[in-house]
Amino acid sequence: MNEECLLRRYQALMGAVPQSVWVMSPGGVVTVLSGGGIAEKLWTPGTDTSWMDAVHPKDRDWFQRAWRRATQQRSPLDTIVRVRLDGAVDRFRHVKIIAAPVVEDGEVEFVGTATDAEEHWRGRMREKLLARMAAVPAARDLSEAFLTTAAAVVPELADAVAIFRLVDGVEAGVRPADAPAATSPERVGLAPGLPSLPPLDADFVLGPVAQRAIESQEASLLAFPPDGPPGDGLSDVSVRWLREAGATGIALVPVVVDGRTVALATIATCRGNPPPDEADLSLLQDLFQQMSGPLRRTMELQSIRGKALALQQSFLAAPPSIDGLTITALYHPADSAAEVGGDWYDAVRLSADALALSIGDIAGHDLDAAMAMARVNSILRGLAYDSGPTASPAATLNRLDRIVQALDSPAMITAVHAVLRRRAHGGWSIALSNAGHPPPLLIPADAPSRYLHDLTAPDPPLCVTDSLTRATLYADLLEGDTLVLYTDGLVETPDTDISDNLRKLRERTDALARQSPPLRSLIRGLLPPLHHRRDDIAIIALQARPDS
């Protein structure tokens, strides 16, 4: 049997299987031996066009490197790559390529197979992305949940993701019901090289296309012409960014939880990458549907946290107004889960010339801690007022310790209790007792700041011993001086040394004090960056000034 007959039989055999067998030059010029399978839709043999031109733009760089390596090393190649179907501008399929080198007379060419792998790839991608989403069963907040989703989508399926959080079925910040105004994207994911998303002001309005997606709760696709997105249907801000990014199309996916739209995800392909198709949209819908459970739990946690914080802050009374003193206070909850802390501060006018000041922290981050904080704060306030301006702060803390232990034996409590009395010749005298709390910070008007603390062993917290003689420390607050009481969230972070953090706080204080800011600006400047806050922070500060 001659070679031509053998070749015809081999071609007939290959035509009966769902694979395409081809011969390719190192430069990528293809000759198809068998027209069966997907090869007929991929390449036209006998032309000088390299098949690399048909490879998806996102896959071209890595596939060229893999092909070059196989050619140089004369090694087999086995991979899955997206390739444009012949005659379809933006229609790509995942194809499994298996190629083996054949060397003859020193020249190498490749013989290989091409098999449609679209369903296989999408199945694996769905499993991988859904597994990635399932790794976070309930995020600390909605921003984290959306960030997880965006990270799963970019760059696997798209080049950019912007998620607009909605409130009560319309965009956050809405005022008139007929003119919803979206805030900035909740979380975004951008492929390298794309322009940043522009900031959005309170007047920003999503376009009618997005509004229809929100109202209908149905996902939709938009493919853009070569000159970019049209000016109608999308907001002006969106059109400008999409044109700058070279967007080819977007998918709009409403995020629905318990029948309510809680967010709108906008997923864009850019810089020559083909627009998302129906298969991409189906996978995107699966991803965001996977988030409905974690989002529901996150929203429930946020609701509980909001109510608990409102309860906690209701116990934090506004400081009183006293001649000769400027007093300010703030409370910043930790950015975590549905936790609330047991931090509190208080200031009680004892007379026209005396003030009781306290701050404390009860161990725990739950509603029990918040309720215990309210009880302890109320008891201390009553004791301070009943004891009057001449009472010893140490004696007041001893009374508080006995009462609290007798009532309900709560968890460990740290606190600072101080009494300030006006001096006859100006300024104020300070008497304070510290029960295991971070030391108060005194900022003189004309000297570096310093901590007020016992140079020997500090007094222990409350509720750790039945009998204890506590110490009272004394200092003066002169005109222009500032006293700052704070909770441990300001100076304690995991894996750091408290002494080092106290030193840094003092250095930061001195740097700020040299600028002579208003008292509230000063204490706000002491707060660490938001992403470094691991615990609640309460601060109460006062500054001596001339009597009015």
Side-chain angles (χ1 to χ4, degrees), residues 56-58 122 125-126 128-136 139 141-166 171-172 182-200 204 206-207 209-211 213-214 217-224 228-229 233-235 237-257 261-292 294-295 298:
H56 193 290
K58 281 183 176 290
R122 290 195 179 275
M125 179 59 65
R126 177 177 279 101
K128 181 174 76 172
L129 295 183
L130 292 181
R132 188 181 300 172
M133 303 286 284
V136 184
D141 55 32
L142 291 180
S143 295
E144 182 178 332
F146 292 141
L147 179 59
T148 301
T149 311
V153 171
V154 177
E156 300 281 8
L157 297 178
D159 298 298
V161 175
I163 302 179
F164 296 86
R165 181 182 172 186
L166 312 178
E171 293 91 332
T183 60
S184 298
E186 182 73 28
R187 272 294 186 262
V188 297
L190 293 175
L194 290 181
S196 299
L197 290 180
L200 304 179
F204 172 77
L206 287 174
V209 173
Q211 297 292 346
I214 292 171
Q217 297 186 343
E218 294 181 357
S220 60
L221 294 171
L222 290 178
F224 300 144
L234 301 172
S235 69
V237 174
S238 299
V239 169
R240 285 195 296 270
W241 183 86
L242 290 168
R243 288 177 176 172
E244 183 182 359
T248 56
I250 59 173
L252 299 174
V253 181
V255 183
V256 181
V257 176
T261 304
V262 300
L264 178 70
T266 304
I267 302 99
T269 51
C270 307
R271 302 287 166 86
N273 292 315
D277 57 21
E278 292 292 343
D280 295 326
L281 186 62
S282 175
L283 181 50
L284 289 169
Q285 288 177 289
D286 285 349
L287 284 177
F288 285 101
Q289 180 61 34
Q290 178 80 2
M291 284 304 295
S292 63
L295 281 176
T298 298

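Keep in mind that the numbers below use all heavy atoms, side chains included, and drop hydrogens, waters and symmetry copies.
Under the side-chain hydrogen bond (donor to acceptor under 3.5 Å, both in side chains) criterion, Thr266 pairs with no residue at all, not counting sequence neighbours. With sequence neighbours left out, the side-chain contact (heavy atoms from CB on, under 4.5 Å) criterion links Ala279 to Arg122, Asp277. With sequence neighbours excluded, the residues that form a side-chain contact (heavy atoms from CB on, under 4.5 Å) with Ala160 are Leu190, Leu194, Trp241, Ala268. Remark: Glu244 pairs with no residue by the side-chain hydrogen bond (donor to acceptor under 3.5 Å, both in side chains) rule, at least two apart or across chains.
Nearest heavy atoms, Asp280 versus Pro275: OD2-O, 4.4 Å.
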What donor-acceptor contacts under 3.5 angstrom involve side-chain atoms of residues 249-256, with partners at least two apart or in another chain?
none

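In this structure a side-chain-to-backbone donor-acceptor pair under 3.5 Å is present from Thr248 to Asn273. Between the Arg271 side chain and the Asp159 main chain, no donor and acceptor come within less than 3.5 Å of each other.
Screening Thr269, Leu283, Leu281 for a side chain to side chain contact (heavy atoms under 4.5 Å, CB included) involving Pro276 leaves a single residue, Thr269.
Looking at Leu234 and Leu222, their side chains come closer than 4.5 Å, going by heavy atoms from C-beta outward.
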